[in-house]
Amino acid sequence: MTDMSIEMLTPERVTELWPVLEPYFDAACEGNEIAKDELDAKDIYVLAVTGLVAVFVGFESGEPACVMGIQFNTTNGRKGADVMALAGRGLMRFKAAYWQVILDWLRANDVEFLDAYAPERLAKIYLNRFGFDKSCAYVRMSL
């Protein structure tokens with residue numbers, strides 16, 4: 001049995017683990033056709049070390065296995081959060097063990113909704129496996 005744990009990183013811990021975390025965040029950004037045009041791992045690092053993105057890391061046997069970056073926002077006076085990045089191995093095992101803890105943490109911080117801007121391929125995963133209950137089409141015109 002693999003020993004699993006999760007940690008919400010402090011900005012100092014993000015810096016300490018960044019050489020291991022960066023490839024996961026790169027994969028998350030590159031794997032999302034929407035995100036890769038406006039976000040990369042270096043952006044997440046800057047936001048995380050300045051306290052603007054909460055970083056959760058799932059560990060297997062003491063080694064980082066998956067990452068999640070969450071950024072708070074206010075939309076029309078309601079406090080929300082965005083999944084900035086989600087990647088790694090064993091995501092479904094970590095989801096089963098810790099997703100409810102993360103959702104409870106968001107609720108405890110008065111967050112009313114969680115968004116994930118994702119192409120249709122990833123939106124299906126969020127809807128079917130992570131309990132998201134609404135979806136819409138995000139369209140963009142490049143100028």
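Keep in mind that this is a model prediction, so the values were computed, not measured.
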Trp99 and Phe130 aromatic ring geometry - parallel, tilted or perpendicular at 30°/60° bounds: perpendicular
hydrophobic_cluster_shared for Tyr126 and Leu103, side chain cutoff 4.5 Å: yes
Asp40 side chain to Lys42 backbone, donor-acceptor under 3.5 Å: yes
Leu39 to Cys29 - nearest heavy-atom pair and separation: O-CB, 3.6 Å
NZ on Lys134 to CG on Leu127, rounded to 0.5 Å: 12.0 Å
Candidate pair Trp105 and Phe72, rule ring-ring contact (aromatic ring centres under 6.0 Å, His included), full reasoning: CA-CA 12 Å; Trp105 174 79; Phe72 291 107; 5.7 Å; yes
Contacts of Glu33 that satisfy side-chain contact (heavy atoms from CB on, under 4.5 Å) - sequence neighbours left out: Pro119, Arg121
Beyond-backbone contact of Leu114 with Leu106, side-chain heavy atoms, under 4.5 angstrom: yes
Close side-chain approach of Leu122 and Leu86, heavy atoms under 4.5 Å: no
Glu22 side, atom CD; Leu17 side, atom CG - distance, nearest 0.5 Å: 12.5 Å
Full working for side chain to side chain contact (heavy atoms under 4.5 Å, CB included) between Met84 and Leu47: CA-CA 10 Å; Met84 300 292 290; Leu47 293 167; 4.3 Å; yes
Distance (rounded to the nearest 0.5 Å) between Asp43 CG and Glu38 CD: 9.5 Å
Mind listing the side-chain donor-acceptor pairs of residues 87-95 below 3.5 Å, one per line with the distance, residues two or more places apart or on another chain?
residue	atom	partner	partner atom	Å
Arg89	NH1	Tyr24	OH	2.7
Arg93	NH2	Glu60	OE2	2.0
Lys95	NZ	Arg129	O	3.0

Working for side chain to side chain contact (heavy atoms under 4.5 Å, CB included), residues Trp18 and Val49: CA-CA 10 Å; Trp18 190 249; Val49 299; over 6 Å; no
Transitive ILVMFWY side-chain link Ile70 to Ile44, under 4.5 Å: no
Over all atoms of both residues, closest heavy-atom pair of Phe25 and Gly69: CE2-N, 4.1 Å
Val111 with Tyr117, same ILVMFWY side-chain cluster at under 4.5 Å: no
Tyr98 side chain reached by Phe56 side chain, heavy atoms, under 4.5 Å: no
Glu30: partners by side-chain hydrogen bond (donor to acceptor under 3.5 Å, both in side chains), with sequence neighbours left out: none
ILVMFWY cluster, Val83 and Met8 together (side-chain gap under 4.5 Å): yes
Taking every non-hydrogen atom, the tightest pair across Gln71 and Leu52: CG-O, 3.4 Å
Main-chain N/O of Ala28 paired to Asn32 side chain as donor or acceptor, under 3.5 Å: no
Spatial distance of atom CG (Asp115) from atom CZ (Phe132) [nearest 0.5 Å]: 7.5 Å
From CA spacing to verdict: side chain to side chain contact (heavy atoms under 4.5 Å, CB included), Ile102, Ile6: CA-CA 10 Å; Ile102 292 170; Ile6 195 164; 3.9 Å; yes
